[in-house]
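Note sheet for the following structure.
Chain A is the first sequence line, chain B the second, and so forth, proteins listed ahead of strands; every chain is numbered from 1. A quick note: this is a predicted structure, and the numbers were derived from the prediction, not measured.
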Number of protein chains: 2
Amino acid sequence: MEKIDDDDLKQQLMTQCHFESLFGPKLAQHAELLHFKTQEYIVENGIQPEYLFYLVKGKAKLYDSLANGKDTLIDFFTPPCFIGEMELLDAQSEPFSVQVIDDCYCLALPVRKYRSQLLSDPTFLQNVCIYLSHKNARNIKTASRNQGFTLSQRLAAFILLTAHNGYYNEKHTQVAEYLGVSYRHLLFVIADFVKAGYLQKDQRGYQIADQKALQRLAWEVNSSDN
Amino acid sequence: MEKIDDDDLKQQLMTQCHFESLFGPKLAQHAELLHFKTQEYIVENGIQPEYLFYLVKGKAKLYDSLANGKDTLIDFFTPPCFIGEMELLDAQSEPFSVQVIDDCYCLALPVRKYRSQLLSDPTFLQNVCIYLSHKNARNIKTASRNQGFTLSQRLAAFILLTAHNGYYNEKHTQVAEYLGVSYRHLLFVIADFVKAGYLQKDQRGYQIADQKALQRLAWEVNSSDN
DNA sequence: CACTAAGTATGAGAAATCTCACACTAGGAG
DNA sequence: CTCCTAGTGTGAGATTTCTCATACTTAGTG
């Protein structure tokens, strides 16, 4: 983590994501601009963060680490979003890990200094409430899908969701984590899709060869959305 | 659902769970006392509730219903807790089902009338924030356990958690839902426990016969807690 | 009393998923 | 250039979990 002392950049980012409107008067201006490199931890498992972060650029992921060494990927963070709000609200809580996927820029408020001010700021509280409730709803959806549908179904939905120009090109390791299955099993199901003619592999990656078949598989997953 | 017009009872329940301290001045007194019978829905899948509920007595469960007909049990509600706060915060959201397990009494504020007042009440907002973030943390823990551990491990932990006087006596159907596996599989694993001598069945239910073995199995699950 | 719904119980076979082992490739670091 | 790491890909076998079918018990209801 490094602090970036570029007020112009900071101002620009603040404007871009309407940072000031998240707080009551005069609070936003105390934010610092921080930068995190890929693989770095924004919040580390079990360690109380020093800041309340607001991700404005980059991409990160939320993990839960289990005692048996397994990690479960809970959610992705994409801008704009809060990070570390749980720990701000409840200093007792056990922080989950937040790890950077693509370089991240965060506007960050020092917790120690502004905690009490934040906790009595209705604008901020209302925004966090809404943010938390959306996040929770998303987590619930993801978790229940992981339980209720088979990998083929979820993968089909995921491929359709993330494909560009008819090509599917995601890192298998990350996808396996996200879909909550072993790497091996993911590869196995992808191989099935190729065998079944749903996908075709070439130099550029996996090409969608039978969109309708994938849609049929994904249908139930997606229609649980509303 | 039925409304209970018993001001004494209402007052008593309000005092018991410190209902008034959840809100700014004069808001709490507008709450009505509602009663729900077993199996009834407090919030129904996809239908915006008319109230913000605060469960003061009883027990209920939160479901997500998938398009393939499966239900995933997300969480239990035990008093005291909010119900319907997500829908209050964001009228667009898709409500999940909340179904009563044991008869429930709720203090309830009509959304239509008090929504804007609630959304600008810092005391209320702060309480909801903390509530939401705890709930979310619990959901994450449950979900990642369901993924990261085998049923034997989770069941062992669950048995130790819910046993009274050396006896395990929960409804298999509900437990299967909670642990996110099929009823059949749960019975299968319980049978295994009996075969292995961890449990013994008699008239009163399942008796814990080898606590140490169960603790060994549950160890990893529980030590992910902190 | 007969009927129904919910809970309990068990069998058999299939499907989904995991672990471990091994091999290959591409890119960055020294 | 060589080493190392991350990502990719495949095989074999074991484990976990699911579906379907079927049966018995119990409490509640008309």
Side-chain angles (χ1 to χ4, degrees), chain A residues 37-39 61 66 68-73 99-102 144-156 167-196 199-206 217 220-221, chain B residues 37-40 61 66 68-73 99-103 144-156 167-196 199-206 217 220-221:
Chain A
K37 292 208 192 72
T38 302
Q39 309 261 23
K61 54 187 176 178
L66 266 24
N68 62 0
K70 287 192 189 174
D71 292 324
T72 309
L73 194 164
Q99 193 179 187
V100 174
I101 299 175
D102 296 331
S144 65
R145 277 174 193 188
N146 282 348
Q147 287 224 344
F149 296 109
T150 188
L151 180 59
S152 325
Q153 297 178 289
R154 284 177 285 142
L155 180 59
Y167 273 89
Y168 168 71
N169 243 331
E170 303 293 321
K171 300 215 164 160
H172 295 156
T173 41
Q174 270 181 39
V175 175
E177 281 178 342
Y178 178 61
L179 296 177
V181 296
S182 68
Y183 174 76
R184 184 65 192 85
H185 188 52
L186 173 65
L187 270 281
F188 186 79
V189 173
I190 291 181
D192 268 1
F193 280 9
V194 174
K195 231 180 276 168
L199 296 177
Q200 250 174 320
K201 199 180 162 185
D202 61 32
Q203 320 76 8
R204 276 183 289 173
Y206 291 86
L217 261 177
E220 281 184 338
V221 180
Chain B
K37 291 208 193 74
T38 302
Q39 310 262 20
E40 250 188 302
K61 53 187 176 177
L66 266 24
N68 63 1
K70 288 192 189 174
D71 292 327
T72 309
L73 193 164
Q99 194 180 184
V100 174
I101 298 174
D102 296 330
D103 277 30
S144 65
R145 279 174 193 187
N146 282 349
Q147 286 225 342
F149 296 107
T150 187
L151 179 60
S152 327
Q153 298 179 288
R154 284 178 285 141
L155 179 59
Y167 273 88
Y168 168 72
N169 243 332
E170 302 295 320
K171 298 216 163 158
H172 296 155
T173 40
Q174 271 181 39
V175 176
E177 280 178 342
Y178 178 61
L179 296 177
V181 297
S182 68
Y183 173 76
R184 184 64 191 86
H185 187 50
L186 174 64
L187 270 280
F188 187 78
V189 174
I190 290 182
D192 268 1
F193 281 7
V194 174
K195 231 179 277 167
L199 295 177
Q200 251 175 318
K201 198 177 163 184
D202 61 31
Q203 318 77 4
R204 274 183 291 172
Y206 291 87
L217 261 178
E220 282 184 336
V221 180

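The CD1-P distance, from A:I101 to D:dG7, rounds to 11 Å in whole Å. Between A:K195 atom NZ and D:dG11 atom C1' the separation is 11 Å, expressed in whole Å. For the pair B:K171 NZ and D:dT25 P, the computed distance is 19 Å after rounding to whole Å. Separating the CD1 atom of A:I190 from the P atom of D:dG11 is a distance of 15 Å, rounded to the nearest angstrom. Separating the CG atom of A:L179 from the P atom of C:dC18 is a distance of 11 Å, rounded to the nearest angstrom. Taking atom CD of A:E170 as the reference point, atom C1' of D:dA6 lies 17 Å away to the nearest angstrom. Between the NE2 atom of A:H172 and the P atom of C:dT25 there is a distance of 17 Å, rounded to whole Å. At whole-Å resolution of the value, CD in A:E177 and P in C:dC18 are 13 Å apart.
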Within the sub-3.5 Å range, which N or O atoms of nucleotides 13-20 of chain D have a protein N or O partner, and how far apart are they?
{"from": "D:dT17", "atom 1": "OP2", "to": "B:T150", "atom 2": "OG1", "distance (Å)": "3.4"}
{"from": "D:dT17", "atom 1": "OP2", "to": "B:L151", "atom 2": "N", "distance (Å)": "3.0"}
{"from": "D:dT17", "atom 1": "OP2", "to": "B:H185", "atom 2": "NE2", "distance (Å)": "3.0"}
{"from": "D:dT17", "atom 1": "O5'", "to": "B:H185", "atom 2": "NE2", "distance (Å)": "3.3"}
{"from": "D:dC18", "atom 1": "OP2", "to": "B:S182", "atom 2": "N", "distance (Å)": "2.7"}
{"from": "D:dC18", "atom 1": "OP2", "to": "B:S182", "atom 2": "OG", "distance (Å)": "3.0"}

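Under the rule for a side chain to side chain contact (heavy atoms under 4.5 Å, CB included), the partners of A:T38 that lie at least two apart in sequence or sit in another chain are A:D103. Partners of B:Q99 according to the side-chain hydrogen bond (donor to acceptor under 3.5 Å, both in side chains) rule, which considers only residues two or more places apart in sequence or in another chain, do not exist here.
Positionally, the nearest nucleotide of DNA chain C for B:Q174 lies more toward the 5' end than for the other of B:Q174 and B:L187.
The OG atom of B:S144 sits 8.0 Å away from atom CZ of B:F149, with the distance rounded to the nearest 0.5 Å.
With B:N68 contributing its side chain and A:E220 its backbone, the two residues share no donor-acceptor pair below 3.5 Å. With hydrogens and angles disregarded, a donor-acceptor distance shorter than 3.5 Å links the side chain of A:S182 to the backbone of A:H185.
Screening B:L73, B:T72, B:V181 against A:Q147 for a side chain to side chain contact (heavy atoms under 4.5 Å, CB included) leaves a single residue, B:T72.
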